[in-house]
Amino acid sequence: MSVLVIGGAGYIGSHAAHALKRKGYKVIIYDNLSTGHASLASGFELIVGDISDTPKLAAVLRRVDSVMHFAAHAYVGESVSHPRKYFQNNLVVGLSLLDAVLDSRVRKFIFSSTCAVYGNPAKIPITEETPRLPVNPYGASKLAFEYALEAYDRAYGLRFVSFRYFNASGADESGLIGEIHDPETHLIPVAFEAIHAERGVLEIYGDDYPTPDGTCVRDYIHVNDLAEAHILGLEHLERGNSAELNLGTGRGHSVREVISTIERISGREVPKRMSPRRPGDPSELVADPTRAEKLLSWKATRSLEEIVSTAWKWSQNKRGATSTN
Ligand code: UDP
């Protein structure tokens with residue numbers, strides 16, 4: 001079985017590629033390296049190309065049985081200030097990929113969606129029945145792609161799984177691959193940058209939310225728990241089924257809890273200060289992962305401690321700075 005991993009030189013895509021390889025799948029990575037890193041694709045066949053390059057894509061599609069699509073822009077704040085980029089890349093270019101797939105013999109497609117399709121849900125935990133009402137262009141671009149998949153499934157028999165990720169975090173246990181974003185905005189790597197004095201202090205965006213300690217609550221899920229779900233998603237497709245599934249742990253952690261876990265595991269204090277709320281941040285986002293657990297016989301097994309310790313190991317390796325550990 002051959003899988004084309006589009007965006008496989010990025011954070012989640014590279015972890016999925018490694019998980020596939022461990023399970024014996026043949027993997028081809030397709031990435032334009034605009035935000036991806038060739039180092040994360042090392043050990044794989046890497047085809048450097050744009051998804052808008054239909055002839056190039058068509059040639060690769062002839063060599064695979066299924067496609068996983070991770071290539072997208074994913075900064076919520078940027079999507080608000082620069083929506084054109086998000087609708088163009090995530091939707092318009094994404095649809096040209098979908099049509100290239102349709103014009104090939106591939107009929108199995110896995111899509112990286114997001115809990116941002118739910119916007120500010122009225123009820124926590126979030127099930128797949130929660131209305132999809134995104135509150136930013138990033139979530140809207142992902143939702144539009146979900147609609148296209150639903151229609152292509154019904155009309156053309158293109159089977160798909162849309163995975164709605166909660167907060168992807170952590171790194172492969174090997175320490176060889178992990179999160180690299182430029183600029184970095186995510187809580188755990190930003191805290192590491194503050195520890196290493198590579199930026200100012202970590203700003204805690206708001207402590208007046210209606211949560212137990214006043215800071216936002218999120219469902220942090222280890223990237224390898226996500227990666228393993230993708231393999232089970234492929235098996236679901238092989239059984240001829242489509243699905244839209246939340247991928248989360250079902251447990252929420254506050255910003256303060258994450259910071260204290262980082263301090264405990266790294267043995268370093270995170271320089272931090274309180275700041276105003278970040279516009280667009282919902283107070284709490286926690287998945288109800290029951291549907292994925294039932295349909296895929298999957299469960300997120302890694303804890304917040306494992307998320308932080310693998311991310312810390314990766315960040316130390318990346319910096320080549322074990323002496324500061
Ligand atoms: N956060 C923070 N300071 C930062 C980055 C993030 O307080 O420098 C908070 C943010 O408000 C949110 C949580 O950490 O409540 C997770 O944010 P992140 O950007 O990692 O993921 P998101 O939930 O936005 O996808």
Side-chain angles (χ1 to χ4, degrees), residues 10-12 35 70 72-81 86 90 112-121 124-126 134-143 163-171 178-223 226 246-249 251-263 269-287 304 307-308 310-312 314-315:
Y11 172 43
I12 303 174
T35 55
F70 296 91
H73 295 305
Y75 292 115
V76 168
E78 185 188 47
S79 80
V80 175
S81 56
Y86 280 72
N90 294 1
S112 295
S113 192
T114 167
C115 63
V117 298
Y118 297 115
N120 290 312
I124 300 292
I126 302 168
V135 293
N136 53 60
Y138 168 63
S141 69
K142 291 283 186 173
L143 175 56
F163 281 127
R164 299 181 187 139
Y165 305 151
F166 282 66
N167 284 59
S169 42
E179 193 166 7
I180 315 177
H181 292 118
D182 185 19
E184 190 49 77
T185 61
H186 292 116
L187 178 61
I188 295 171
V190 163
F192 294 161
E193 288 183 4
I195 287 177
H196 290 98
E198 291 163 359
R199 64 190 295 139
V201 300
L202 170 73
E203 295 184 52
I204 299 175
Y205 296 137
D207 65 351
D208 57 350
Y209 285 97
T211 58
D213 67 18
T215 62
C216 287
V217 169
R218 294 286 180 275
D219 186 336
Y220 295 89
I221 175 161
H222 194 286
V223 64
L226 290 184
N246 289 341
L247 291 182
T249 67
R251 263 209 75 192
H253 293 283
S254 72
V255 173
R256 280 196 204 284
E257 270 182 89
V258 173
I259 294 172
S260 62
T261 307
I262 291 172
E263 293 184 331
E269 196 192 330
V270 178
K272 53 191 168 297
R273 70 155 183 261
M274 287 312 313
S275 291
R277 291 181 176 196
R278 182 170 67 176
D281 268 345
S283 63
E284 190 175 357
L285 291 174
V286 177
L304 180 63
I307 286 173
V308 171
T310 54
W312 177 248
W314 159 247
S315 90

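Note that ligands are numbered from 1 as they come in the structure, with each ligand's atoms numbered from 1 the same way.
- Partners of T310 under the side chain to side chain contact (heavy atoms under 4.5 Å, CB included) rule, at least two apart in sequence or in another chain, are A171, E173, H222.
- Ion pairing between E203 and K272 fails under the 4.0 Å rule for side-chain N and carboxylate O.
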Are E78 and Y86 close enough, and set up right, to give a side chain to side chain donor-acceptor pair (under 3.5 Å), and what steps lead you there? CA-CA 9 Å; E78 185 188 47; Y86 280 72; 2.5 Å; yes

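- Residues that satisfy the side chain to side chain contact (heavy atoms under 4.5 Å, CB included) test with E257, not counting sequence neighbours, are R251, H253, S254.
- Taking the six-membered ring for Trp and thresholds of 30 and 60 degrees, F70 and Y165 have nearly parallel ring planes, at less than 30 degrees apart.
- Among protein residues, N167, T185, H186, L187, V190, L202, E203, I204, Y205, C216, R218, Y220, V255, R278, D281 come within 4.0 Å of ligand 1, judged on heavy atoms.
- Applying the side-chain hydrogen bond (donor to acceptor under 3.5 Å, both in side chains) test to S260 and every residue at least two apart in sequence or in another chain returns nothing.
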